[in-house]
Amino acid sequence: MSTDYTKVFQDTEAVEKYENITYAPESYASQINQRQRDYLRTLVRREFGPRAPVQHDFACGTGRAIRTLHGLVREAHGYDTSAEMMAKAAEVGSHAHWHQVPTDGPVPEPVAAGTPAIVTMFRLLLNVDEAIRDRALAFAAKALPDSNAGVLVVENHGNAESLRHLRARRHRGDRWFAELSHEQVEKLLDRHGFEIVERRGFSMITPSLHGNPLARAADAAMRRLPGTDGYAVNVLYTARRA
């Protein structure tokens with residue numbers, strides 16, 4: 001994760017805002033989180049059956065992905081550069097072992113907890129540069145050494161092929177606005193020996209339209225149509241080692 005990320009979330013007010021305002025009940029982010037929760041819990045049951053996996057959540061933040069899989073994993077490990085974020089994660093009831101990792105240097109080592117495993121990375125790829133994306137995927141490759149070890153789930157919350165792309169020109173030069181195409185994500189995963197096996201979209205509209213009931217109804221209708229996942233703003237990619 002970037003130094004900027006670590007600096008921002010050393011501020012406890014920023015951590016509180018992230019947990020209680022960005023993810024306030026009924027907010028855009030919290031509704032996407034609920035949809036992702038339903039999908040991930042179904043995925044884990046389908047993928048692992050009675051063999052509960054261990055979870056490695058890289059860039060764990062306040063532990064949302066960890067709370068998503070409570071009761072379905074045999075143990076969870078959260079990794080982050082921000083001690084403040086992990087402290088908040090524990091405070092709000094995320095049950096895991098916490099591991100603070102450095103912002104640079106050698107690729108962090110996953111805890112030796114065996115397989116099967118699920119590695120999760122949420123709200124990371126869009127917020128960091130290419131070198132840190134590679135570092136994160138190298139971590140995932142260590143945790144998932146072969147195709148039988150488990151699965152990786154990564155989030156792209158700024159799909160370049162979605163409605164959000166219409167804002168790209170206006171935000172050119174804004175370091176907090178970024179986007180990634182499906183091709184870019186696929187190439188990143190491929191560099192580290194991962195193959196995408198499933199792609200799922202969770203919102204066709206941007207946060208600015210979330211307050212519009214008609215837009216939300218249209219979003220719900222479009223998400224039911226086959227083939228629309230590729231145009232969603234927020235996308236999860238499930239991958240395994242090739």
Side-chain angles (χ1 to χ4, degrees), residues 22-49 53 55 57 59 61 64-65 67-69 72 118-127 133 137 140 147 150-172 176-190 194-242:
T22 301
Y23 280 94
E26 303 304 320
S27 69
Y28 178 84
S30 68
Q31 291 204 357
I32 288 177
N33 181 70
Q34 182 59 51
R35 294 168 193 166
Q36 290 177 338
R37 180 184 186 277
D38 294 341
Y39 168 74
L40 281 171
R41 292 183 73 82
T42 299
L43 171 71
V44 167
R45 291 187 182 104
R46 183 188 72 208
E47 181 70 28
F48 300 103
Q55 181 182 13
D57 188 28
R64 289 193 171 273
R67 296 198 296 277
T68 286
L69 295 182
L72 293 182
I118 179 169
V119 178
T120 47
M121 295 181 185
F122 282 70
R123 296 182 76 90
L124 172 67
L125 298 188
L126 212 64
N127 296 333
R133 290 174 192 147
L137 267 293
S147 61
V151 295
L152 165 67
V153 180
V154 296
E155 179 185 36
N156 173 10
H157 63 290
N159 174 21
E161 293 158 55
S162 69
L163 185 64
R164 184 178 182 271
H165 179 67
L166 298 176
R167 300 165 54 198
R169 180 173 295 180
R170 182 166 45 133
H171 289 279
R172 185 175 296 163
W176 292 109
F177 183 91
E179 56 182 1
L180 286 170
S181 68
H182 299 308
E183 182 181 10
Q184 286 174 299
V185 175
E186 185 176 359
K187 285 182 176 179
L188 171 65
L189 292 170
D190 182 67
F194 286 96
E195 180 180 13
I196 296 172
V197 295
E198 189 168 332
R199 185 177 71 186
R200 182 66 60 90
F202 294 90
S203 178
M204 308 301 294
I205 62 173
T206 61
S208 61
L209 294 172
H210 180 66
N212 185 318
L214 292 178
R216 290 203 305 272
D219 174 38
M222 286 187 290
R223 281 188 288 110
R224 295 190 188 99
L225 298 176
T228 58
D229 288 317
Y231 303 100
V233 173
N234 183 288
V235 181
L236 290 185
Y237 306 83
T238 300
R240 65 171 68 249
R241 293 301 292 276

Spacing of [atom1] belonging to [X] relative to [atom2] belonging to [Y], to within rounding of 0.5 Å:
X      : Y      : atom1 : atom2 : result
Leu72  : Gln55  : CG    : CD    : 9.5 Å
Leu189 : Tyr237 : CG    : OH    : 9.0 Å
Glu183 : Glu186 : CD    : CD    : 7.5 Å
Leu188 : Arg133 : CG    : CZ    : 7.5 Å
His157 : Leu180 : NE2   : CG    : 9.5 Å
Arg64  : Arg37  : CZ    : CZ    : 12.0 Å

Nearest non-hydrogen partners of [X] and [Y], listed with the distance:
X      : Y      : value
Leu126 : Glu179 : CD1-CA, 3.5 Å
Gly201 : Ala232 : CA-CB, 3.5 Å
Leu214 : Asn212 : N-OD1, 2.8 Å
Ala215 : Ile205 : O-CG2, 3.9 Å
Ile32  : Ser203 : CD1-CB, 3.8 Å
Tyr28  : Thr206 : CE1-C, 3.7 Å

Check side chain to side chain donor-acceptor pair (under 3.5 Å) between [X] and all other residues, then give those that pass, not counting sequence neighbours.
X      : value
Arg241 : none
Arg240 : Glu47
Gln36  : Glu155, Asn234
Glu195 : none

Could you list the residues that satisfy ring pair (Phe, Tyr, Trp, His ring centres under 6.0 Å) with Phe48, not counting sequence neighbours?
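Not a single residue meets the ring pair (Phe, Tyr, Trp, His ring centres under 6.0 Å) criterion with Phe48.
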
Do [X] side-chain atoms and [Y] backbone N/O form a donor-acceptor pair below 3.5 Å?
X      : Y      : result
Asn156 : Leu125 : no
His182 : Gly230 : yes
Asp229 : Arg200 : no

Residue set satisfying side chain to side chain contact (heavy atoms under 4.5 Å, CB included) with Arg223, at least two apart, ordered chain then number -> Arg35, Met204, Asp219, Ala220

Output, in order, the C-alpha distance, side-chain angles, deciding distance and verdict of side-chain contact (heavy atoms from CB on, under 4.5 Å) for Thr120 and Thr68.
CA-CA 11 Å; Thr120 47; Thr68 286; over 6 Å; no

Using the ring centroid of each side chain, check whether Tyr39 and Phe202 are separated by less than 6.0 Å.
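Aromatic pair counts; centres sit under 6.0 Å.
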
Leu209 and Leu163: CA distance, side-chain angles, deciding distance, side-chain contact (heavy atoms from CB on, under 4.5 Å) verdict:
CA-CA 11 Å; Leu209 294 172; Leu163 185 64; 3.8 Å; yes

